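A short write-up of the structure that comes next.
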Amino acid sequence: MTSVNRIGPPKFDSERDMLRAFLEYHRATLAMKCEGLGDEELRQQSVPPSTLSLLGLVRHMAEVERAWFRRVFEDNDAPMVWSDEIDFQAAYDASASTREEAFAAWEAEVENSRRIEREAESLDRTGYQPRWGEEVSLRMVMVHVLLEYGRHNGHADFLREAVDGTVGA
């Protein structure tokens, strides 16, 4: 995903293909927001007291992909990427992270998520969400992850503007 190929979702399609296309669009949007930036720029934090950065968002979305696809449908005990506990906040600390490390982890989790989705016979496939202690459908997971990307891509807009020096301009 390091060379962004962002294709808008179709206007008409099946439910599954539409969800898949929107997820791909939002994954590519996050990559696009990081395009052309080095480690220092990607680690640049937003307005204090927030420690949010583009690199932190990439790391967080690797955790989201793992938690909602791998942990739900394959291995409920799979460890988080950057936390020994189930702490999604740990991923936001990108102070010692690099583009290479964060994107490698994120891309690996995205590929795993794609594989799990492709192998599922239908959106009605269920898996166990260990944090909630209940079953969820692939449909619900895809919608949830899509919403996560949408929310965080909004943050990425602001963070990219700050890096480019266009906030308030």
Side-chain angles (χ1 to χ4, degrees), residues 1-10 13-35 42 52-94 97-157 159-160:
M1 269 189 251
T2 52
S3 62
V4 179
N5 184 15
R6 188 168 165 243
I7 300 169
D13 216 330
S14 70
E15 177 185 18
R16 187 170 189 165
D17 287 340
M18 188 71 72
L19 286 171
R20 183 184 293 148
F22 267 95
L23 259 176
E24 291 303 324
Y25 178 79
H26 277 283
R27 287 168 175 154
T29 298
L30 181 58
M32 181 185 77
K33 294 297 177 182
C34 298
E35 192 76 12
L42 289 168
L52 193 59
S53 68
L54 284 166
L55 207 53
L57 284 178
V58 171
R59 288 166 47 103
H60 175 72
M61 291 312 297
E63 296 285 30
V64 167
E65 294 271 1
R66 178 174 286 198
W68 284 99
F69 285 94
R70 184 180 300 196
R71 286 178 53 88
V72 168
F73 296 109
E74 287 189 335
D75 180 1
N76 296 150
D77 297 318
M80 299 301 283
V81 183
W82 287 284
S83 170
D84 294 334
E85 303 158 10
I86 307 301
D87 179 6
F88 285 87
Q89 300 304 310
Y92 286 127
D93 180 7
S97 187
T98 65
R99 168 188 269 282
E100 183 178 346
E101 173 253 352
F103 273 82
W106 178 56
E107 290 169 356
E109 292 305 322
V110 166
E111 283 306 312
N112 190 60
S113 297
R114 287 177 179 142
R115 179 188 52 76
I116 290 168
E117 184 272 322
R118 278 192 315 266
E119 291 175 357
E121 289 186 28
S122 82
L123 292 173
D124 295 325
R125 177 183 176 188
T126 60
Y128 180 75
Q129 173 43 278
R131 290 179 65 213
W132 294 355
E134 45 186 316
E135 296 285 315
V136 296
S137 70
L138 177 59
R139 176 182 291 103
M140 182 268 161
V141 167
M142 290 180 76
V143 169
H144 180 81
V145 173
L146 177 59
L147 292 172
E148 285 275 339
Y149 273 103
R151 180 173 62 141
H152 293 305
N153 281 339
H155 299 317
D157 284 337
L159 291 164
R160 180 63 192 235

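FYI, side chains are in, hydrogens and waters are out, and symmetry mates aren't considered; it's all heavy atoms of this structure. This one's a predicted model, so the numbers in the text were calculated from it and none came from an experiment.
- Closest non-hydrogen pair, A78 versus R70, comes out as CB-CD, 3.9 Å.
- Contact detail for C34 and F103: the closest heavy-atom pair is CB-CZ, 3.6 Å.
- Taking 4.5 Å as the limit, some side-chain heavy atom of L138 sits within range of a side-chain heavy atom of F73.
- Under the salt bridge (Lys or Arg N to Asp or Glu O under 4.0 Å) criterion, D75 pairs with no residue, sequence neighbours left out.
- Residues D13 and R20 are not in side-chain contact: their nearest non-hydrogen atoms beyond the backbone lie 4.5 Å or more apart.
- In this structure the side chain of L30 never reaches within 4.5 angstrom of the side chain of H152, judged on heavy atoms.
- In this structure, the salt bridge (Lys or Arg N to Asp or Glu O under 4.0 Å) partners of E65, at least two apart in sequence or on a different chain, are R27.
- When all heavy atoms of R71 and N76 are compared, the closest pair comes out as O-ND2, 2.5 Å.
- Side-chain atoms of Q129 and W68, non-hydrogen and from C-beta on, do get closer than 4.5 Å to each other.
- Atom NE2 of H60 sits about 14.0 Å away from atom CG of D93, to the nearest 0.5 Å.
- Between the side chain of E109 and the backbone N or O of E63 there is no donor-acceptor pair closer than 3.5 Å.
- Residues passing the side chain to side chain contact (heavy atoms under 4.5 Å, CB included) test with S97 are L55, R59, A94, E101, A102, sequence neighbours excluded.
- Between the CG atom of L57 and the NZ atom of K33 there is a distance of 12.0 Å, given to the nearest 0.5 Å.
- A heavy-atom distance below 4.5 Å is not found between the side chains of E24 and P9.
- With sequence neighbours excluded, the residues that form a side chain to side chain contact (heavy atoms under 4.5 Å, CB included) with R151 are E148, H155.
- Qualifying side chain to side chain contact (heavy atoms under 4.5 Å, CB included) partners for S137, counting only residues two or more places apart in sequence or in other chains: R139, M140.
- Residues I116 and V72 form no side-chain contact, since every pair of their non-hydrogen atoms from C-beta on lies 4.5 Å or further apart.
- The shortest non-hydrogen separation linking F69 to S113 is CD1-OG, 3.1 Å.
- Ring-plane geometry between H144 and W132 is classed as perpendicular, the angle between the planes exceeding 60 degrees on a 0 to 90 degree scale with a lower cut at 30.
- Within the structure, ring pair (Phe, Tyr, Trp, His ring centres under 6.0 Å) pairs that include any residue of residues 107-127 do not occur (at least two apart or interchain).
- Here the NE2-CG distance, from H26 to L146, works out to 5.5 Å after rounding to the nearest 0.5 Å.
- Taking the salt bridge (Lys or Arg N to Asp or Glu O under 4.0 Å) definition, one finds that E119 meets it with R115, sequence neighbours left out.
- Residues forming a side chain to side chain contact (heavy atoms under 4.5 Å, CB included) with S14 (at least two apart in sequence, or on another chain): R16, D17.
- Within a 6.0 Å radius of CD in E134, more than 12 heavy atoms belonging to other residues, nucleotides or ligands are found.
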